[in-house]
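When a residue number appears, it is its place in the shown sequence, counting from 1.
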Amino acid sequence: MRKNLRCKEKKKIRRALLFFGGIIVLIGGADAAGNLLQENPEKLLTEYMAHIEQKEYEEMYEMTDTDGQSPEQKQHFIERNSRIYEGIGIKNLKLSNITEKKNKGKMKSVFYTVSFETEAGKVEFDNQANFVRCKEGYKLLWQDSMIYPTLTETDKVQVSVLKAKRGQILDRNGKHLAGQGRAVSVGVVPGKLEEHSLEDLAALLDTDIENIENKLEADWVKDGFFVPVATLQKIHEIDRMKIETNEEMMKEYERQRQMKEIPGVQFSDIEIRTYDMGEAAAHLAGYVQAVTAEDLEKHPNEGYRSDSVIGRSGMEGLYEKELKGNDGCEIWIIDKTGEKKEKIAGITKEDGKDIRLTIDSELQMQLYEQFKEDEGCSVAMDPYTGEILALVSTPSYDNNDFVRGMSEEQWDTLNENKKRPLYNRFRQIWCPGSVFKPVVAGIGMKEGILDPNEDFGNEGLSWQKDSSWGNYQVTTLHEYEPVILKNALIYSDNIYFAKVALRTGAERLEKSLEQLGFNQKLPFEIEMVQSQYSNTEHIETEIQLADSGYGQGQILVNPVHLASIYSAFLNGGNMIKPYLLYEEKQESEIWIPEAFSQEASAEILEGLKGVINDPGGTGYGACREDILLAGKTGTAELKAAKEDHTGTEIGWFAVFTADKNVERPILILSMAENVKDTGGSGYVVKKDKAVLDQYFSMQK
């Protein structure tokens, strides 16, 4: 019995010894694996290099021969490697052609080829790493040449960004809509400030003193440093001396003069994106702003940096890729004397391309000046080539403010303005009113249901199809005879065109409008809201159909689209494609061929000549003796119901040169909101006439 117990105890002891022995073997195996790595310089080199992209500089240091090294030397190693590798933007590091050579004693050398990408392009070179055997295994003998073969401990690595010049936005004559200009950077030198300096500066800048103090708390700020706090318009002395200098410029000059007298405040000239036409072309040119973290995330590997700008709207946004260009970059080794020793890598900068538009700046400015207080828009076009000569949205804003920086109060003022100066009206769709009547006439003749010489009969000033319309009446402003197409256009007869629409029928009118580009994208550089004939899929009722005939109902048209439709009346029925990018050889491109028949175009053109040149015509106010004009007025009523007398009105005027041989052919389409108490479409006629007077005077 006792013998059996001893046997069992011996077996337990044996099992325990085997178990603990296994642990010893496992531990020994782990040590052996570590030693295996430390005994293999090639693998050590590979591991060392893998730490670089991970920014594991302490791990790199531990792989070097640190005998006799001080904490300061460790810190120097970490700082030097991190500053250089992160400064050049290293990524995709790869090793190849690795070979090992045993030297005398405890030394081994590993020869290799390393390649990696940097901010300045790809870098590749052959190098050598030396290892020394220590009691733990091999350790790397680190030298600065591990970073780059010719780099010494007294050298520095310099990364230089070569900023690409942003392309200009030019008008057809080469005048700047957007380009590089000068501005004033207002800053403070902390060491020179006196007790009330910041308070006085904040008051003149119309900002909180805390905003300035926050900028002074940045880590880099020192007593003698210039700390920028605002960017202002540069007022040239020659501008100030001009007799016609405006009051606002004089106020700005005086404000800046007072700032300069504040102790510790300094001015510095800087280069900045500027917009010479300001409010007159803000919606067209757009503006740039500094990139945000979101921009950098949205546009990776596109060359944007934290100090880059990006186009936010208008042409600046639309042609961002072309305007932006590509920054260059160079990586140099700089010796201890500050001289360039060797270029490691380099990418040549590519300046952005200039964008030249078909816009006529003088015409753009004239239209803006006439309508700047109104809520509206204007399109000017060469009706034969399709060149857009002006695109104006009013009221507007100064796009320079977005570059120089706006105070919170300025931003709130813009956003809360009831006239919505930030709203781009020429991109939208609007109720056209009577300027739509020629379109309905063209459809009617093309479909064969309208004879331009047919007398529709005098219905008086109000009419309804039958009693099924209830109390609803189509009203008009003039009685005349005979009631034929030409006279209906001259007197802008709502009843006549309501009848034409009813004859055409909803299905046929919808189909015809779609053939004219409704419910489809306008083939134009700027994306416009699509014109429509109904808020639903179809014209739903007979009354809606009748109202559509004179540009009411639910008809909504984009101004550029409508200008293109009008071009058909001068081009034998073909609609010309509008375009904005300037071409040296001006050739028209037909967007929609045979939009109307040649006969219809000719008949409608005669009627539109009468609108301007007949004393009874609604556009007679624009009549000229020297140049034959044609066109159409329109007043669109915006109200909840026919009986509503509180609604507002939109005034329209489409006017164009009717003679193809005129020196400077032009078509202008202007729209102004809220004209009910200012003369309706006559208000717009008066303003467009003033623009045309200036436009034609320039060709004499």
Notebook entry, point to check: Counting only N and O atoms by type, is there a donor-acceptor contact under 3.5 Å from the side chain of Asp276 to the main-chain atoms of Leu177?
Noted result: no
Margin query: For Lys349, is there an ion pair with Asp327 - N to carboxylate O distance below 4.0 angstrom?
Written below: no
Note to self: Can you pull out every salt bridge (charged side-chain N to carboxylate O under 4.0 Å, His left out) where at least one residue sits in residues 392-406? Sequence neighbours excluded, please.
What the structure shows: Asp398-Arg404, Asp401-Arg404
Check: Looking at Glu320 and Arg166, does any basic side-chain N land under 4.0 Å from a carboxylate oxygen?
Finding: yes
Notebook entry, point to check: Under the side-chain hydrogen bond (donor to acceptor under 3.5 Å, both in side chains) criterion, do Glu362 and Gln366 qualify, and how do the steps go?
Noted result: CA-CA 6 Å; Glu362 294 297 328; Gln366 290 159 14; 4.5 Å; no
Item checked: Shortest non-hydrogen contact between Thr657 and Phe696, atoms and distance -> CG2-CZ, 3.6 Å
Notebook entry, point to check: Taking only residues two or more places apart in sequence, or in another chain, which ones meet Trp591 in a ring-ring contact (aromatic ring centres under 6.0 Å, His included)?
Noted result: His561
Notebook entry, point to check: By side chain to side chain donor-acceptor pair (under 3.5 Å), which residues pair with Tyr275, not counting sequence neighbours?
Noted result: Glu316
Checklist line | side-chain contact (heavy atoms from CB on, under 4.5 Å) partners for Lys321, two or more places apart | finding: none
Check: What residues, two or more places apart in sequence or in another chain, satisfy side chain to side chain donor-acceptor pair (under 3.5 Å) together with Tyr582?
Finding: none
Margin query: Using the ring-ring contact (aromatic ring centres under 6.0 Å, His included) criterion, which residues pair with Tyr304? Sequence neighbours excluded.
Written below: His299
Next item on the list: Determine yes or no for a side-chain-to-main-chain donor-acceptor pair under 3.5 angstrom, with Asn214 supplying the side chain and Glu210 the backbone.
Entry: yes
Next item on the list: Just jot down the ring-ring contact (aromatic ring centres under 6.0 Å, His included) partners of Tyr148, sequence neighbours excluded, or say none.
Entry: Phe125
Check: Does the side chain of Thr394 come under 3.5 Å of the side chain of Asp374 through a donor N or O and an acceptor N or O?
Finding: no
Check: Any donor and acceptor pair, going by atom type alone, linking the side chain of Ser393 with main-chain N or O of Cys377 inside 3.5 Å?
Finding: no
Next item on the list: Scan side-chain atoms only and decide if Gln554 and Ser534 contain a donor-acceptor pair under the 3.5 Å cut-off.
Entry: yes
Margin query: For Gln532, give me all partners under side chain to side chain donor-acceptor pair (under 3.5 Å), at least two apart in sequence or on another chain.
Written below: Asn535
Item checked: Closest contact, heavy atoms only, Leu198 versus Val188 -> CD2-CG1, 4.3 Å
Checklist line | Short side-chain to backbone donor-acceptor contact, Lys324 and Glu302, under 3.5 Å | finding: yes
Note to self: Test your reading of the model: is there a side-chain donor-acceptor pair from Arg427 to the backbone of Ile526, 3.5 Å cut-off?
What the structure shows: no
Check: So, Gln530 side chain and Leu522 main chain: donor-acceptor pair closer than 3.5 Å or not?
Finding: no
Check: Is the backbone N or O of Leu581 less than 3.5 Å from a side-chain atom of Glu525, with the two atoms forming a donor-acceptor pair by type?
Finding: yes
Note to self: Closer than 3.5 angstrom, by distance alone: can the side chain of Tyr319 be matched with the main-chain N or O of Lys353 as a donor-acceptor pair?
What the structure shows: no
Item checked: All salt bridge (Lys or Arg N to Asp or Glu O under 4.0 Å) counterparts of Asp206, not counting sequence neighbours -> none
Check: For residues Glu514 and Tyr533, is any side-chain donor paired with an opposing acceptor at under 3.5 Å?
Finding: yes
Check: Are Asp269 and Lys234 close enough for a salt bridge, meaning some N to O gap below 4.0 Å?
Finding: yes
Check: Do any pairs count as a salt bridge (charged side-chain N to carboxylate O under 4.0 Å, His left out) and have a residue in residues 282-299, sequence neighbours left out, and if so which ones?
Finding: Asp295-Arg312
Check: Does Arg425 pair with Glu375 as a salt bridge, N-O distance under 4.0 Å?
Finding: yes
Notebook entry, point to check: Would a distance-only check, ignoring hydrogens and angles, find a side-chain to backbone donor-acceptor pair under 3.5 Å from Trp430 to Ala672?
Noted result: no
Check: Is it true that Arg420 and Glu673 make a salt bridge, defined as a side-chain N closer than 4.0 Å to a carboxylate O?
Finding: no
Check: Just by modelled atom types, is the Arg172 backbone N or O under 3.5 Å from a matching donor or acceptor in the Arg356 side chain?
Finding: yes
Next item on the list: Hey, could you give me each pair passing ring pair (Phe, Tyr, Trp, His ring centres under 6.0 Å) that has a residue in residues 349-397? Not counting sequence neighbours.
Entry: His283-Tyr397, Tyr397-Phe402
Notebook entry, point to check: Taking NZ, NE, NH1 and NH2 as the nitrogens, is one of them in Glu254 or Arg257 under 4.0 Å from a carboxylate oxygen of the other?
Noted result: yes
Check: Do you know which two heavy atoms are closest between Asp171 and Ser361, and how far apart they sit?
Finding: OD2-OG, 2.8 Å
Next item on the list: Kindly write out the residues that satisfy side chain to side chain donor-acceptor pair (under 3.5 Å) with Glu587, not counting sequence neighbours, or none if the list is empty.
Entry: Lys585
Next item on the list: For side-chain contact (heavy atoms from CB on, under 4.5 Å), just list the numbers for Thr358 and Thr385, CA-CA rounded to whole Å, side-chain angles, deciding distance to a tenth of an Å, and then say yes or no.
Entry: CA-CA 11 Å; Thr358 56; Thr385 65; over 6 Å; no
